[in-house]
Amino acid sequence: MKSPDSVTTNNAANSIVNKNGEANAGATASVPSNFIRHIIEQDLQTGKHNGRVQTRFPPEPNGYLHIGHAKSICLNFGVAKAYNGFCNLRFDDTNPEKESQEFINAIKADIEWLGFHWSGEIRYASAYFDALYEFALQLVRAGKAYVCSLSPEQAREYRGTLTAPGTPSPYRNRSAEENVDLFTRMAAGEFADGVHSLRAKIDMASPNINMRDPVIYRIRHIHHHQTGDKWPIYPMYDYAHCISDAMECITHSLCTLEFEDHRPLYDWILQNLDITTLHSASDSKDGVESYVLPRQIEFARLNINYTVMSKRKLKELVVQGYVNRWDDPRMPTLSGLRRRGFTPASIRNFCDRVGITRSEGVVDLGMLEHSIRDDLDRSAPRAMCVLSPLKVILTNYPENSVELLELSCHPKEEAMGKRELPFARELFIDASDFEEIPPPQYKRLTVGTEVRLRGAYVIRCDQVIKDADGKPVELLCSYDPATLGLNPQGRKVQGVIHWVPAQQAIDVEVRIYDRLFNKENPDDKSGSDYKKCLNTESLVTLTGCKAEPSLRKALPEASFQFEREGYFCVDRYDSTPEKMVFNRTVTLRDSWAKISS
RNA sequence: UGGGGUGUCGCCAAGUUGGUAAGGCACAAGGUUUUGAUCCUUGCAUGCGUUGGUUCGAGUCCAGCCACCCCAGCCA
């Protein structure tokens, strides 16, 4: 794969922010600047890469993508787009033991769903195994890498500690010939796992442990999901990643902070390889003289309170059955958020709002909730659904009579049209909208008071019928025929509640989701007891909910605002026309909850 | 105790060569409202981890100190 045409420095520079700090129309609009964009703009100005910007998103296919990955995706794809550059999708598949095609498929789907398009074909580090092997041979011949026959345990001892320097491996001075022979035979599958490794010969006394002759190839007789059984040896991340970047002519290699200590190694590998060979193995269309090595830049990973973000822990939640799957709506995975009802735009906006820095913080879950409310308030049609039905009988409404009311689908967007809703003598309202003994400032229904039924009439409660336990089971009310679309004369009705017609409502299941953990920082101490603060009420399934009939034609994944309740979406897997299932994405902001508590 | 980082409002985050602290979330108070929603208005850091120094002037420069994060996988 050759890289796309480069653009001129001027074009790229023009799309930046102008002198007044206003973003020009186009890709950079509304995306806040950050230190990485500053670096890129500087490079564009100095013509470092001839005006070219090439990034990559390099997931390892060993799990599903989560919202932390979304931050990286938005950064890498966003920055490429902003400067007329390109972003590759490359699977960093150098450890087949933990990887699978299932994860590859899921990752691709998530990125597309988020709304990003990678440049050209999908890349695989494993597609570079031949080249990687040749480069390793080059290092070996140059005396810059050697085959070490220390066991993993021994190697650890020789490595030293954080404060004590390491000691050179007894195999460190094997001749180039012997190393070539051994390494070749490693690749030929002559040795068992772990008996040898290929190590870069750098500095066992380096204060940076990554530079103490890091292993760059290990023996693993294992099937690879892409290369099959071709290789019994696999390159390590530090060795494969920088070369893969160089081969794809990546200009800015963006990664998270924990790789900062690896940057000297990233640079060492590339600088100790023959630039001409590197260039000719690369995508570069230009001459070697304009071939510039990629620069690794680190930024802080995303943390959100009341959730965990490590793949290891997410995997554990799935495997041990604390959630249903990787796409459980409670998971911070992209597929989970999708199923919960989050939109791609809301996640992109969230990532933009959070920003890119080098300081690690914890973003408030409220910020994510705000992003989805912000999007859905504009885009989600309104509907009514009673979660906890309480029957209302309008004693003065004619029996067997039904009138068809017309309600707008959105209070502000006329273009979203209208829907019909039958009104009749028997209705359902939500049990929480009636109180026999109302708390202070209660604006809903009580005996003897009036309330507006949204989009319909004002009703007054005359009598409450209770069961043996004293629980209200039915309300006898009367409606004011003069209040359809009109305010009553001489009195003010301040409460408005939602309702559905009893006969025509459809029975639906509603899944009420809440945060997965009830502790702000679940992996606070010891790191392993994060499962102890799992929220036992993160999923409450409500059956027998009554939804307005217009919802019957809602398609999977469609989002609605159930008025006064929150945003809900049709579950993409479990909902059927016969038995609809809605997931609660997020509640509405609720100032009443603050007042009443 | 080695190395690498980070510290600006409760949270996130701007702050280009030192010139007198953006914005968002949250919160609070008003206004509009047939969603206690949305929307609108207003308020919200004499202060930039801390202590000194340089300077007419420092979040921005210098020095010391403190706190927190990452690194000892043949994981990424």
Side-chain angles (χ1 to χ4, degrees), chain A residues 21 32-34 38 41-42 58-60 62 92 94-95 97-98 148 150-152 155-157 159-166 193-199 206-212 214-220 233-234 236-238 240-241 255-264 298 300 305 311-312 352-371 373-374 377-378 382 384 407 410-412 441-444 452-456 458 483 485-487 493-498 561-566 587-596:
Chain A
S33 193
N34 57 55
H38 287 319
E41 282 160 23
Q42 224 165 60
E60 184 191 9
N62 66 346
D92 218 336
T94 56
N95 185 12
E97 202 173 339
K98 296 179 175 171
C148 178
L150 250 25
S151 70
R156 195 191 323 125
E157 282 160 22
R159 189 154 37 235
T161 68
L162 293 178
T163 50
D193 290 7
V195 321
H196 300 298
S197 66
L198 186 71
R199 297 230 250 162
S206 172
N208 180 347
I209 292 183
N210 295 300
M211 298 299 269
R212 319 239 262 231
V215 170
I216 59 177
Y217 262 99
R218 76 288 218 178
I219 301 173
R220 279 290 112 91
I233 58 171
Y234 292 97
M236 297 288 289
Y237 165 85
D238 285 309
H241 201 87
C255 64
T256 42
L257 250 27
E258 68 270 24
F259 291 102
E260 194 156 14
D261 291 338
H262 296 240
R263 192 171 63 225
E298 311 85 14
N305 55 19
K311 256 197 233 177
R312 197 206 101 223
D352 288 343
R353 274 186 249 254
V354 162
I356 301 291
T357 65
R358 288 174 62 82
S359 71
E360 343 173 28
V362 182
V363 175
D364 196 297
L365 221 209
M367 195 94 89
L368 218 209
E369 294 183 339
H370 172 262
S371 295
R373 286 194 187 106
D374 192 41
D377 174 58
R378 276 181 302 246
R382 312 284 123 125
M384 292 195 282
L407 278 72
H410 194 283
K412 290 177 183 167
Q441 299 180 67
Y442 192 72
K443 299 203 302 195
R444 286 111 96 152
R452 155 81 60 185
L453 292 180
R454 170 115 247 235
V458 168
T483 55
L486 295 169
N487 282 321
V493 175
Q494 47 174 357
V496 180
I497 65 173
H498 56 105
Q561 183 196 102
F562 287 171
E563 295 200 59
R564 303 209 313 129
E565 290 288 356
T587 60
L588 252 27
R589 274 186 69 213
D590 187 1
S591 53
W592 168 244
K594 286 166 199 156
I595 297 168
S596 61

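So you know, we letter chains A, B, ... as the sequences are listed, proteins then strands, and number each from 1. Keep in mind it's a predicted model, so treat the numbers as computed, not measured. The figures that follow rest on heavy atoms only: side chains count, while hydrogens, waters and symmetry mates do not.
A:H262 and A:Y237 have perpendicular rings, their planes meeting at more than 60° on a 0 to 90° scale where under 30° would count as parallel.
A:R444 comes within contact range of at least one nucleobase, with a heavy-atom separation under 4.0 Å. Residue A:M236 is in sugar-phosphate contact alone, with no base atom involved, counting any heavy-atom pair closer than 4.0 Å across all strands shown. Within 4.0 Å (heavy atoms only), A:R454 reaches at least one base atom of the nucleic acid. Across all strands shown, A:S359 has heavy atoms under 4.0 Å from sugar-phosphate atoms exclusively, and none from any base. Residue A:Q494 is out of contact with every strand shown, counting any heavy-atom pair closer than 4.0 Å.
A stacked arrangement is not assigned to A:Y237 and the six-membered base ring of B:rA76, the conditions of a centre distance below 5.5 Å and an interplanar angle below 30° not being jointly met.
In this structure a side-chain-to-backbone donor-acceptor pair under 3.5 Å is missing from A:S206 to A:M211.
When the nearest nucleotides of RNA chain B are assigned to A:R373 and A:G495 by heavy-atom distance, the more 5′-ward of the two goes with A:R373.
Salt bridge absent: A:D238 and A:R263 never bring a charged side-chain N and a carboxylate O closer than 4.0 Å. Under the 4.0 Å criterion applied to side-chain N and carboxylate O atoms, A:E60 and A:K98 are not assigned as salt-bridge partners.
Under the Watson-Crick and G-U wobble criteria, each requiring two contacts below 3.5 Å, nucleotide B:rG7 is paired to B:rC66. Here B:rU1 sits opposite no nucleotide as a Watson-Crick or G-U wobble pair (both hydrogen-bonding atom distances under 3.5 Å). Nucleotide B:rG43: paired with B:rC27 (Watson-Crick or G-U wobble, both distances less than 3.5 Å). Pair assignment for B:rG36 gives none, since no Watson-Crick or G-U wobble pairing has each distance under 3.5 Å. Across all strands shown, B:rC61 pairs with B:rG53; the Watson-Crick or G-U wobble distances both stay below 3.5 Å.
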**Prompt:** Taking it one step at a time, do A:V493 and A:N487 satisfy side chain to side chain contact (heavy atoms under 4.5 Å, CB included)?
**Reply:** CA-CA 8 Å; A:V493 175; A:N487 282 321; over 6 Å; no

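Here B:rG15 is in the anti range [glycosidic angle more than 90° from 0].
Nucleotides B:rG43 and B:rA22, compared at atom P, are 12 Å apart to the nearest Å. Atom name C1', nucleotides B:rU20 and B:rC27: the rounded distance is 28 Å, in whole Å. Taking the C1' atoms as reference points, B:rA58 lies 13 Å from B:rG15, given to the whole Å.
Residue side chain A:R452 reaches the base of B:rU34 through a donor-acceptor N/O pair under 3.5 Å, judged by distance alone. Checked by distance alone, A:E565 brings no side-chain donor or acceptor within 3.5 Å of a matching partner on the base of B:rU35. Between the side chain of A:R378 and the base of B:rU38, no donor-acceptor pair of N or O atoms lies under 3.5 Å.
Residue A:D261 has its side chain nearest to B:rC71 when only B:rC74, B:rC71, B:rG36 are considered.
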